[in-house]
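This report refers to the structure that appears directly beneath it.
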Amino acid sequence: MKLKLRIWRQSDADAKGRMVAYELDDVSEDASFLEMLDVLNERLIAEGGDPVAFDHDCREGICGSCSLVIDGQPHGPQGATTTCQLHMRKFKDGDSIDVEPWRAGAFPVIKDLVVDRSAFDRIIQAGGYISAPTGTAPDAHAAPIPKEDADAAFSAAACIGCGACVAACPNGSGMLFMAAKVAHLGLVPQGQPERRTRVLGMVAAHDEAGFGGCTNTGECAAACPKEIGLDVIGRLNRDFRKAAVRAA
Ligand code: FES
């Protein structure tokens with residue numbers, strides 16, 4: 001298939017970026033979106049040009065590294081799919097495709113399509129962990145957890161921290177990411193000792209990093225490749241209110 005690409009090129013964090021047009025012939029519909037970019041980069045390198053910088057690691061939909069806005073949609077047009085799992089068969093021969101980095105104040109562009117997502121790391125450092133010794137797998141299995149809670153915790157734990165929720169949100173909010181972590185840890189007994197300090201610390205780190213607040217537009221959940229639901233934000237708000245009252 002033939003494709004016309006318009007890709008955001010920005011040489012460094014301080015440079016002014018712009019969309020640059022490229023054309024590709026003979027793209028396999030079985031190629032992933034990242035493999036299609038690999039083909040473009042091989043051509044650019046062969047021509048002595050600068051390859052397009054983009055993030056990736058696992059290419060299996062589990063690491064959360066790949067972070068492209070494709071035709072205005074984080075991770076592109078296929079629901080519940082990361083960019084690395086998106087295949088070119090989703091597009092048509094002759095299509096024009098715009099490719100941009102995540103657009104959010106808390107995720108500054110480093111180069112081309114690569115953004116700095118260390119703000120998410122700071123939120124995790126502020127409380128996204130447990131310190132209780134959990135022993136080995138048999139010990140974990142010995143802790144009784146209601147199935148409903150275990151299932152909800154597991155669903156929240158599916159968050160891969162890609163940042164699509166932030167890129168989709170008109171407020172640039174990281175609430176869905178943060179709420180998934182708070183729900184995941186707050187639903188299991190091992191997460192209870194730090195439950196209050198966790199939510200207070202993570203919300204403070206979120207706000208300090210410059211993420212916006214949630215106004216319930218739901219764009220985050222619609223863009224999430226792991227289908228994390230808005231219910232986790234409700235849980236975060238309940239936990240935060242309780243923790244703030246007790247801390248007052
Ligand atoms: S490269 Fe790991 S989720 Fe896409």
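Indexing begins at 1, ligand by ligand and atom by atom, following the structure's order. Since we're looking at a predicted model, the values are computed, not measured.
At a threshold of 2.8 Å, atom 4 (Fe) of ligand 1 has no backbone or side-chain N, O or S atom of Cys63 nearer than that distance. Because the distance cut-off is set at 2.8 Å, Cys162 fails to qualify as a neighbour of atom 2 (Fe) of ligand 1, as none of its N, O or S atoms comes that close.
Listed by atom number, the atoms of ligand 1 under 4.0 Å from Ile62 heavy atoms are 3 (S). Every atom of ligand 1 with a heavy atom of Arg59 under 4.0 Å away is listed here by number and element: 1 (S), 2 (Fe). Every atom of ligand 1 with a heavy atom of Gly61 under 4.0 Å away is listed here by number and element: 3 (S). Taking every heavy atom of Asp57 and a limit of under 4.0 angstrom, the matching atoms of ligand 1 come to 1 (S). The Cys84 neighbourhood of ligand 1 comprises atoms 1 (S), 3 (S), 4 (Fe), with distances under 4.0 Å to a heavy atom of that residue.
Asp112 CG to Asp50 CG: the interatomic distance, rounded to the nearest 0.5 Å, is 6.5 Å.
In this structure, the protein non-hydrogen atom closest to atom 4 (Fe) of ligand 1 is Cys66 SG, 2.2 Å. In this structure, the protein non-hydrogen atom closest to atom 3 (S) of ligand 1 is Gly64 N, 3.2 Å.
Checking side-chain atoms of Asp151 against main-chain N and O of Glu148 turns up no donor-acceptor pair under 3.5 Å.
Between the side chains of Asn171 and Ser173, no donor N or O sits under 3.5 Å from an acceptor N or O. A donor-acceptor contact closer than 3.5 angstrom is absent between the side chains of Arg122 and Gln125. Using modelled atom types and a 3.5 Å distance limit, the side chains of Ser32 and His87 yield no donor-acceptor pair. There is no side-chain donor-acceptor pair under 3.5 Å between Thr134 and Asp139.
Ring-centre distance between Phe54 and Phe33: not below the 6.0 Å cut-off.
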